[in-house]
Amino acid sequence: MTYTIFTAPQFNEIYTNLDGREQQWIETVKKNLEEAITGKMLHFRWFREKRNNGKRLYYLIDEEQKKILLVTFTTKKEQQKTIDEILRNMKELFIYLRSL
């Protein structure tokens, strides 16, 4: 069961400003997600997070098309605001993911 990993435009902006250690961690997570879904489930099976040193990587899973969308990488302080925003925009995020 192989998944294809995609990134949202806002994630790409954040990623370029991360330090090398955080970028390497994200690359490792991406490789692991290609093979198996991991991470803490948030509200729904298709919405998950991975933690790294006080920061969170949020992503959506489309099990039908075997696609994953990395949405954002934020601090613990921004956690609830980020979750609320992703849930508010979930339809648009899934439309974007399915168009890739």
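Values in this document were obtained by computation on a predicted structure and should not be read as measured data.
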I want to check something: taking the side chain as every heavy atom from C-beta on, are T2 and K66 in contact at a cut-off of under 4.5 Å? no

Atom pair CZ (F6) and CG (L97), whose distance is rounded to the nearest 0.5 Å: 7.0 Å

Atom pair CD1 (I26) and CG (L70), whose distance is rounded to the nearest 0.5 Å: 7.5 Å

Using 4.0 Å as the upper bound for N to carboxylate O, is an ion pair formed by E34 and K31? no

Do the side chains of K40 and K50 get nearer than 4.5 Å, heavy atoms only? no

Same cluster or not: are M90 and M41 linked, directly or through other Ile, Leu, Val, Met, Phe, Trp or Tyr residues, by side-chain heavy atoms under 4.5 angstrom apart? no

Check whether any side-chain N or O of D19 sits under 3.5 Å from a backbone N or O of E22 as a donor-acceptor pair, and report yes or no. yes

Which heavy-atom pair separates R51 from E49 by the least distance, and what is that distance? NE-OE2, 3.5 Å

F94 and I61: which non-hydrogen atoms are nearest, and at how many Å? CE2-O, 3.6 Å

Fit a plane to each ring of W25 and F73, take the angle between them on a 0 to 90° scale, and name the class: parallel (under 30°), tilted (30 to 60°) or perpendicular (over 60°). tilted

With distance as the sole test, does D62 use its side chain to make a donor-acceptor pair with the main-chain N or O of Q65 at under 3.5 Å? yes

Of the non-hydrogen atoms in L33 and I37, which two are nearest, and what is the gap between them? CD2-CA, 4.3 Å

Exam field: side chain Q23 to backbone Y15, donor-acceptor pair closer than 3.5 Å: yes

Using the side chain to side chain contact (heavy atoms under 4.5 Å, CB included) rule, take L42 and Y58 through it: C-alpha gap first, then chi angles, then the decisive distance, then the call. CA-CA 9 Å; L42 301 172; Y58 295 95; 3.7 Å; yes

Start with the C-alpha distance between R98 and E64, add both sets of side-chain angles, then the distance that settles salt bridge (charged side-chain N to carboxylate O under 4.0 Å, His left out), and finish with yes or no. CA-CA 10 Å; R98 291 180 177 145; E64 288 179 24; 5.4 Å; no

For a side chain to side chain contact (heavy atoms under 4.5 Å, CB included) check, start with the C-alpha distance between T4 and I68, then their side-chain angles and the critical distance, and finish with the verdict. CA-CA 6 Å; T4 306; I68 295 174; over 6 Å; no

If you measure from the Lys or Arg side-chain nitrogens to the Asp or Glu carboxylate oxygens, is any gap between E78 and R56 under 4.0 Å? no

In this structure, CG of N32 is separated from CD of E27 (nearest 0.5 Å) by 11.5 Å

Side chains of E13 and N17, donor plus acceptor under 3.5 Å: no

Distance from F11 atom CZ to T16 atom OG1, nearest 0.5 Å? 10.0 Å

CD-OG1 distance between Q10 and T74, expressed to the nearest 0.5 angstrom: 11.5 Å

Atom of A8, atom of Y96 and distance for their closest heavy-atom approach: CA-CE2, 4.1 Å

Nearest 0.5 Å, what's the CG-CG distance between L69 and L100? 7.0 Å

Quick one: closest heavy-atom pair of V29 and L57, and the distance? CG1-CD2, 3.7 Å

Specify the closest pair of heavy atoms between L60 and F47, including all atoms of both residues, with the distance to one decimal. CD2-CD1, 3.6 Å

